[in-house]
Amino acid sequence: MKERITDLLKRAPGPETVTAEGWVRTKRDSKTVCFLEMNDGSCLKGLQVVIDKATFADDASLTRITTGSAVVCRGPIVASAGGNQAVEMAATEVELVGEAPADTYPLQKKRHTIEYLREIAHLRPRTNIIGAVARVRNTMAYAVHQFFQERGFYYVNTPLITTSDAEGAGEMFQVTTLDLNNVPKTLDGQVDYNKDFFGKRAALTVSGQLEGETYAMALKNIYTFGPTFRAENSNTTRHLAEFWMIEPEMAFCDLYGDMEVAEGFLKYLFKQVLDKNAEDMEFFSNFVEKGVMETLRQVIESPFVHMTYTDAIKELEKFNDKFEYPAYWGCDLQSEHEKFLTEQICNSPVIVTDYPKEIKAFYMKLNDDGKTVRGMDVLAPRLGEIIGGSEREARLDVLTARLEELKLDPAAYWWYLDLRRFGSVPHAGFGLGFERAVRYVTGMQNIRDVIPFPRAVRQADF
RNA sequence: UCCUCUAUAGCUCAGUCGGUAGAGCAUGCGGCUGUUAACCGCAGGGUCGUAAGUUCGAGUCUUACUGGGGGAGCCA
């Protein structure tokens with residue numbers, strides 16, 4: 001394998017001829033010398049290739065090299081006479097592999113708006129900013145596995161297609177092979193799902209949690225990391241219709257253990273990025289979100305604030321005149337409340353626990369007060385909710401009662417309830433939206449720019 | 001889904017009080033002894049998102065629609 005540009009840039013000057021493959025970011029020309037800046041995505045910085053025009057008789061091919069062209073350059077790495085780089089390549093050979101006609105190539109050697117880049121999602125990874133996001137995202141994806149594997153968690157692949165239509169975490173995308181122009185009906189006029197592929201109504205998963213719990217009840221500690229689909233009609237900087245979610249589930253674990261893992265997990269991800277992507281993070285810190293590196297360091301070094309929902313409401317009520325929607329016990333925390341809590345009151349990520357049962361899912365463990373449940377949300381400054389989790393209700397009678405209270409059919413959850421019938425233990429877990437974490441780390445404003453090909457309402461191009 | 005802002009050259013934007021459009025970059029050509037988003041000169045490039053309306057006259061004012069941004073709700 002040939003060396004990547006990141007490796008070439010680390011070389012000491014020497015006579016050996018090396019090969020650089022990549023795409024031209026910019027070309028600077030004068031009468032006798034031509035400079036190419038090459039990038040191959042291996043790092044933010046490019047390799048400067050110096051071409052002495054006197055030694056290149058074929059001036060025409062040099063002219064055809066433009067921004068975006070694919071080139072292979074050979075020559076020794078030499079100390080640079082210019083000030084902006086330590087080393088550069090003194091080209092002895094320059095091969096134009098793929099042209100990029102300058103009058104039609106959409107990327108220019110100047111700054112583009114992030115919205116414009118979103119319209120050319122197939123070319124935007126060639127930019128500094130999206131390239132940096134891609135590298136950071138890669139580090140974080142790898143770190144997810146590292147973190148859990150180092151701690152003895154097993155990676156479980158939960159299904160993407162589900163027929164349990166009551167996971168309750170959001171609107172679902174229906175999956176069907178029925179002819180929508182000629183839908184089979186039952187005698188009473190309903191859609192006859194018996195004729196559908198799975199023999200019943202199916203949809204894309206909104207969470208792997210329930211299935212994850214089944215494996216936690218056998219392997220003790222497991223995690224999932226896969227795509228998740230929500231058909232919510234939401235148009236925000238923090239929602240996608242298709243996103244990647246990490247969901248660990250731990251048996252013999254209560255809410256406190258859950259919180260500990262969640263906090264350690266986030267800190268581990270952040271630290272990996274700071275260690276491995278210093279150059280990219282400098283870029284984000286300077287041009288995207290001022291001081292984001294320092295923020296991450298602070299988050300890594302200081303413990304998250306822990307607060308019950310009841311205490312959080314007490315704190316927020318003191319500032320009710322500042323809110324559009326006043327806080328009161330029983331209300332769902334608004335975005336403005338979350339922001340105020342993390343940015344003004346705590347200036348730190350906050351884990352809020354023990355929410356009123358009315359605003360949380362059926363599977364969360366009911367506290368002894370009968371009013372609150374053992375749920376937790378990790379709220380981050382600038383971002384809001386980044387993790388949602390809970391200790392699960394492990395008691396069959398209480399869980400069944402909760403289902404009935406919410407008018408859910410216990411029969412539909414028969415296999416989930418079986419986990420409480422046979423060898424039930426306290427267990428807990430959480431879900432981390434991967435893109436939200438990437439967004440937090442990079443400081444990118446819009447979640448659509450931290451996933452290669454965003455899917456959102458009316459957006460599924462490329 | 002709601003609120004709000006916005007749409008002018010390939011890109012990023014300016015366009016005053018309503019009087020038929022301008023810059024930088026990009027592109028083409030020329031120049032320049034090592035450049036750093038290179039620089040200098042010249043040139044080409046526009047149905048001002050779409051459709052109506054007000055007006056003698058609309059890029060500019062009004063309405064609707066469409067695309068985009070931000071916020072809210074929902075959530076990860």
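All chains are named by letter (A, B, ...) in the order of the sequence lines, taking the proteins before the strands, and each is independently numbered beginning at 1.
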Indicate, with a heavy-atom threshold strictly under 4.0 Å, whether [X] touches base, sugar-phosphate, or nothing.
X: A/L240; value: base
X: A/H112; value: sugar-phosphate
X: A/G83; value: base
X: A/I387; value: sugar-phosphate
X: A/S335; value: sugar-phosphate

Does the pair [X]/[Y] count as a salt bridge with the N-to-O cut at 4.0 Å?
X: A/E405; Y: A/R402; result: yes
X: A/R64; Y: A/E99; result: yes
X: A/D254; Y: A/R374; result: no
X: A/E16; Y: A/R11; result: yes

Q | Watson-Crick and G-U pairing of RNA chain B written in dot-bracket, each distance under 3.5 angstrom, with | for inter-strand partners | A | (((((((..((((.....[..)))).(((((.......))))).....(((((..]....))))))))))))....
Q. So which of residues 433-444 of chain A are in contact with RNA chain B, with a heavy-atom cut-off of under 4.0 Å?
A. A/G433, A/R436
Neighbour count above 12 (heavy atom, 6.0 Å) for [X] [atom1]:
X: A/E260; atom1: CD; answer: no
X: A/Q445; atom1: CD; answer: no
X: A/Y116; atom1: OH; answer: yes

Taking atom [atom2] of [N] as reference, at what distance in whole Å does atom [atom1] of [X] sit?
X: A/R455; N: B/rC75; atom1: CZ; atom2: P; result: 25 Å
X: A/M89; N: B/rU35; atom1: CE; atom2: C1'; result: 18 Å
X: A/H239; N: B/rG71; atom1: NE2; atom2: P; result: 12 Å
X: A/E171; N: B/rU1; atom1: CD; atom2: P; result: 13 Å
X: A/L36; N: B/rU36; atom1: CG; atom2: P; result: 15 Å
X: A/N286; N: B/rA37; atom1: CG; atom2: C1'; result: 16 Å
X: A/Q334; N: B/rG71; atom1: CD; atom2: C1'; result: 13 Å
X: A/N233; N: B/rU1; atom1: CG; atom2: P; result: 5 Å

(Q) Which is it for B/rU8, anti or syn, if anything within 90° of zero counts as syn? (A) anti
Could you give the distance separating [M] and [N] at their [atom1] atoms, to the nearest angstrom?
N: B/rG18; M: B/rG59; atom1: C1'; answer: 10 Å
N: B/rA64; M: B/rC48; atom1: P; answer: 22 Å
N: B/rG22; M: B/rG34; atom1: C1'; answer: 36 Å
N: B/rG41; M: B/rA23; atom1: P; answer: 13 Å
N: B/rG10; M: B/rU54; atom1: C1'; answer: 35 Å
N: B/rG30; M: B/rG57; atom1: P; answer: 49 Å
N: B/rA9; M: B/rA43; atom1: C1'; answer: 15 Å
N: B/rG44; M: B/rU16; atom1: P; answer: 26 Å

With respect to the side chain of [X], which nucleotide from [options] is positioned closest?
X: A/Q108; options: B/rC74, B/rA26, B/rU36; value: B/rA26
X: A/R28; options: B/rU35, B/rC75, B/rG73; value: B/rU35
X: A/E385; options: B/rA37, B/rC75, B/rA72; value: B/rC75
X: A/T26; options: B/rA76, B/rU12, B/rA37; value: B/rA37

Within the sub-3.5 Å range, which N or O atoms of nucleotides 67-70 of chain B have a protein N or O partner, and how far apart are they?
unit_1 : atom_1 : unit_2 : atom_2 : d
B/rG67 : OP1    : A/R458 : NE     : 3.2
B/rG67 : OP1    : A/R458 : NH2    : 3.3
B/rG69 : OP1    : A/R118 : NH1    : 2.2
B/rG70 : OP1    : A/N446 : ND2    : 3.2
B/rG70 : OP2    : A/N446 : ND2    : 3.1

Q | Partners passing salt bridge (charged side-chain N to carboxylate O under 4.0 Å, His left out) against A/R439 (at least two apart in sequence or in another chain) | A | none
Is there a donor-acceptor contact under 3.5 Å linking the side chains of [X] and [Y]?
X: A/R118; Y: A/Q459; answer: no
X: A/Y363; Y: A/E213; answer: no
X: A/S80; Y: A/Q85; answer: yes

Q. What orientation do A/F462 and A/F453 show, parallel under 30°, tilted 30 to 60°, or perpendicular over 60°?
A. tilted
Q: Please name the residue in the list A/F225, A/F148, A/F147 that meets the ring pair (Phe, Tyr, Trp, His ring centres under 6.0 Å) test with A/F153.
A: A/F148
Q. Quick one: does NZ or CZ of A/R436 land under 6.0 Å from the six-membered ring centre of A/Y440, within 45 degrees of the ring axis?
A. no
Q: Ignoring backbone atoms, test whether A/T113 places a side-chain nitrogen or oxygen under 4.0 Å from the OP1 or OP2 oxygen of B/rU12.
A: yes
Q. Closer than 4.0 Å, any side-chain N/O of A/R25 to the OP1 or OP2 of B/rA38?
A. no
Q: Hey, which sits more toward the 5' end of RNA chain B by its nearest nucleotide, A/S234 or A/K110?
A: A/K110
Q.
On RNA chain B, compare the nucleotides closest to A/P106 and A/K360; which residue's is nearer the 5' end?
A. A/P106
Review item, nucleotides 27-34 of chain B N/O atoms under 3.5 Å of protein N/O:
unit_1 : atom_1 : unit_2 : atom_2 : d
B/rC32 : OP1    : A/K31  : NZ     : 3.4
B/rG34 : OP1    : A/S30  : OG     : 2.8
B/rG34 : N1     : A/E88  : OE2    : 2.8
B/rG34 : N2     : A/A81  : N      : 3.4
B/rG34 : N2     : A/E88  : OE1    : 2.7
B/rG34 : N2     : A/E88  : OE2    : 2.8

Q: Taking the six-membered ring for Trp and the single ring otherwise, decide whether the centroids of A/F323 and A/F340 are under 6.0 Å apart.
A: yes
Q) What distance separates A/R392 CZ from A/L210 CG, expressed to the nearest 0.5 Å? A) 8.5 Å
(Q) For A/F283, give me all partners under ring-ring contact (aromatic ring centres under 6.0 Å, His included), at least two apart in sequence or on another chain. (A) A/F287
